[in-house]
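A quick write-up on the structure given underneath.
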Amino acid sequence: MIATALTFAVTVVCIAMALNLYRLIAGPLAVDRLLALDTLVVNSIALIVLFGMVYATTVYFEAALLFATVAFVGTIAFCKYLLRGNVIE
Amino acid sequence: MLRAVLPHPLLALTLVVVWTLLFNSFTPGTIVTGIIVAISVTKFTSVYWPSDTRVRNPREIIAYMAVFLWDIVLSNIQVARLVLFRSGDRLKSRFVTVPLDVTSPEAIVALAATITLTPGTLSVDVAADNRSIIVHCLDVDDPDALVAGIKERYELRLKRILT
Amino acid sequence: MSLFAEIVITGLLVIGAFFVLVGSMALNKLPDTLQRLHGPTKSTTLGVGSVLVASIIYFNLILEKFTIHELLISLFLFLTAPISAHLLAKAYLHTKD
């Protein structure tokens with residue numbers, strides 16, 4: 001039962017990532033692309049955790065945690081760049 | 001005396017919890033190392049934390065978290081229904097200004113984060129004088145009722161928790 | 001007990017995947033940038049959070065391996081999602097005009 005649900009979840013998350021990728025390419029504004037990129041990273045965290053469950057190992061969770069941290073810092077830095085024109089004052 | 005060693009007890013406690021979660025084990029060694037790290041970090045960074053936030057009713061936090069989590073679930077069902085069954089052009093999106101009664105920065109941050117994660121609303125900006133939050137609503141018929149709902153449901157509770 | 005845990009995990013996985021998909025659909029379907037911002041901040045965060053809770057239950061009850069890392073990831077996501085959304089909205093208002 002869990003194996004079927006895992007296959008389903010991995011498929012659905014991959015479809016969601018494809019949708020995000022479309023917005024990343026099509027998005028009319030820089031903010032749209034940034035939002036798509038942020039969502040893509042959050043979805044990839046879900047994918048990493050799902051793969052950790054499929055292979056029954058916990059070694060991937062550090063990677064997921066690092067992804068979350070770097071995605072947050074990257075989004076904030078890019079927003080700062082859009083707002084101020086530079087990242088570090 | 002306690003304040004000299006531990007300028008921010010709540011921050012130190014959070015650091016200990018995060019440290020043990022990060023190590024993924026509850027052995028005494030981890031917790032002792034976590035306590036040492038928490039004390040030194042809070043001591044060396046206390047210059048950057050001038051204000052001293054007091055939490056008044058710890059029991060209210062649990063009630064607030066329960067309301068908050070339940071509203072996240074409700075908000076997601078509502079947004080999912082809007083996204084799946086409504087064409088985007090027929091959504092009545094607009095900006096709403098929510099006047100604030102809370103004054104401390106911590107309470108405003110908590111309220112703004114709550115607004116972003118709950119039903120169909122997204123906090124966009126805080127007014128320059130810190131007296132109101134500008135909120136973007138996905139689909140709203142009655143803006144006044146929405147503002148009253150936010151004030152009654154979240155702000156009143158927050159006022160009892162944070163001074 | 002084990003069967004009950006399996007049902008809970010399956011439910012959480014399906015609900016989580018559904019909400020992740022809804023977040024991405026909102027990102028694609030809605031016409032305005034600020035409307036699009038609603039989907040990822042709410043739906044995707046809840047979807048990923050529910051997948052992480054499923055993972056905690058799966059590792060601790062089914063595989064009987066102690067792990068609580070996922071709690072940290074989901075807490076981090078719930079804390080950072082409003083901040084990113086706030087800054088993205090600000091950047092949108094700033095670059096629009």
Side-chain angles (χ1 to χ4, degrees), chain A residues 1-6 8-13 15-24 26-32 34-36 38-40 42-43 45-50 52-53 56-58 60-62 64-65 67-69 71-84, chain C residues 3 5-7 9-14 16-18 20-25 27-29 33-34 36-37 39-41 44-45 47-52 54-55 58-59 62-63 65-67 69-70 72-74 76-77 79-81 83-96:
Chain A
M1 189 159 69
I2 291 179
T4 320
L6 277 173
F8 170 77
V10 168
T11 317
V12 168
V13 171
I15 294 169
M17 285 175 85
L19 289 173
N20 293 341
L21 211 55
Y22 169 74
R23 179 54 69 194
L24 181 66
L29 296 173
V31 178
D32 286 310
L34 187 51
L35 179 61
D38 192 47
T39 318
L40 202 60
V42 176
N43 285 4
I45 292 167
L47 204 59
I48 290 169
V49 173
L50 287 171
M53 287 170 80
T57 168
T58 55
Y60 293 120
F61 293 145
E62 271 92 2
L65 196 58
F67 256 63
T69 324
F72 174 63
V73 174
T75 310
I76 295 302
F78 213 110
C79 284
K80 277 273 205 197
Y81 173 69
L82 288 178
L83 279 167
R84 302 249 179 97
Chain C
L3 181 71
E6 278 194 28
I7 291 169
I9 292 164
T10 310
L12 280 172
L13 280 176
V14 171
F18 170 73
V20 167
L21 186 65
V22 165
S24 294
M25 278 180 72
L27 193 63
N28 265 274
K29 197 180 156 194
T33 304
L34 273 179
R36 285 200 276 268
L37 208 50
T41 50
T44 308
T45 314
V48 175
S50 111
V51 168
L52 288 163
S55 169
Y58 181 67
F59 276 103
I62 306 278
L63 296 183
K65 253 190 239 178
F66 174 76
T67 170
H69 246 146
E70 297 93 326
L72 200 61
I73 303 173
S74 49
F76 188 80
L77 281 177
L79 281 180
T80 54
I83 301 170
S84 326
H86 171 72
L87 269 169
L88 281 166
K90 253 181 130 160
Y92 168 71
L93 291 179
H94 186 79
T95 50
K96 192 181 57 167

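Throughout, a chain's letter reflects where its sequence line sits, starting with A, and its residues are numbered from 1. All heavy atoms count here, side chains included; hydrogens, waters and symmetry mates do not.
Atom CE of C:Met25 and atom CG of A:Asn20 lie 12.0 Å apart (nearest 0.5 Å). Taking CD of C:Glu70 as the start and CD1 of A:Ile45 as the end, the distance is 12.5 Å to the nearest 0.5 Å. Rounded to the nearest 0.5 angstrom, A:Asp32 CG and C:Arg36 CZ are separated by 4.0 Å. Taking OG1 of C:Thr95 as the start and CG of A:Leu29 as the end, the distance is 6.0 Å to the nearest 0.5 Å. Between atom CD1 of residue C:Ile9 and atom CE of residue A:Met53 there is a gap of 6.0 Å, rounded to the nearest 0.5 Å. For the atom pair OG1 (A:Thr11) and CG (C:Leu21), the distance works out to 11.0 Å, reported to the nearest 0.5 Å.
Taking chain A as the reference chain and counting heavy-atom pairs below 4.5 Å, the highest number among C:Thr45, C:Val51, C:Leu52, C:Thr80 is found for C:Thr80. Each of A:Val12, A:Leu19, A:Thr4 has some count of heavy-atom pairs under 4.5 Å with chain C, and the biggest count is that of A:Leu19. Looking only at heavy-atom pairs under 4.5 Å with chain A, the residue among C:Leu87, C:Leu77, C:Val48 that has the most is C:Leu87. Ranking C:Ala91, C:Pro40, C:Ser24, C:Ala54 against chain A, the residue ahead of the rest is C:Ser24, based on heavy-atom pairs under 4.5 Å. Of the listed residues (C:Leu13, C:Asn28, C:Thr33, C:Thr67), the one with the most heavy-atom contacts under 4.5 Å to chain A is C:Asn28. With chain C as partner, the option from A:Thr69, A:Leu34, A:Val13 having the largest number of non-hydrogen pairs under 4.5 angstrom is A:Thr69. Taking A:Ile76, A:Leu40, A:Thr75, A:Asp38 one by one and counting their heavy-atom pairs under 4.5 Å with chain C, the maximum is reached by A:Ile76.
In this structure, the portions of A:Leu6 lying under 4.5 Å from any heavy atom of chain C include both its backbone and its side chain. Both the backbone and the side chain of A:Leu35 come within contact range of chain C, with heavy atoms under 4.5 Å apart. At a 4.5 Å heavy-atom cutoff, the contact between C:Leu88 and chain A is made by backbone and side-chain atoms alike. Both the backbone and the side chain of A:Ala36 come within contact range of chain C, with heavy atoms under 4.5 Å apart.
Counting heavy atoms from C-beta outward, C:Leu37 and A:Val31 have side chains that stay 4.5 Å or more apart. Side-chain atoms of A:Phe8 and C:Val14, non-hydrogen and from C-beta on, do get closer than 4.5 Å to each other.
C:His94 and A:Leu82 make their closest contact through CD2-O, 3.6 Å (heavy atoms, listed as atom of the first residue, atom of the second, distance). Summarising the geometry of A:Phe72 relative to C:Ser84, their closest heavy-atom pair is CD1-OG, 3.7 Å, with the distance given to 0.1 Å. When all heavy atoms of C:Lys65 and A:Thr57 are compared, the closest pair comes out as NZ-CA, 4.1 Å. Between C:Ala17 and A:Ala9 the shortest heavy-atom distance is CB-CA, 3.8 Å.
For C:Lys90 (side chain) and A:Cys79 (main-chain N/O), no donor-acceptor pair under 3.5 Å exists by modelled atom type.
Crowding of A:Phe67 atom CZ: a count of heavy atoms from other residues, nucleotides or ligands under 6.0 Å not exceeding 12. For A:Tyr22, the OH atom is loosely surrounded, since the number of other residues' heavy atoms within 6.0 Å does not exceed 12.
With sequence neighbours excluded, the residues that form a ring-ring contact (aromatic ring centres under 6.0 Å, His included) with C:Phe59 are A:Phe61.
The one candidate from C:Thr44, C:Val20, C:Thr41 that meets the side-chain contact (heavy atoms from CB on, under 4.5 Å) condition with A:Val42 is C:Thr44.
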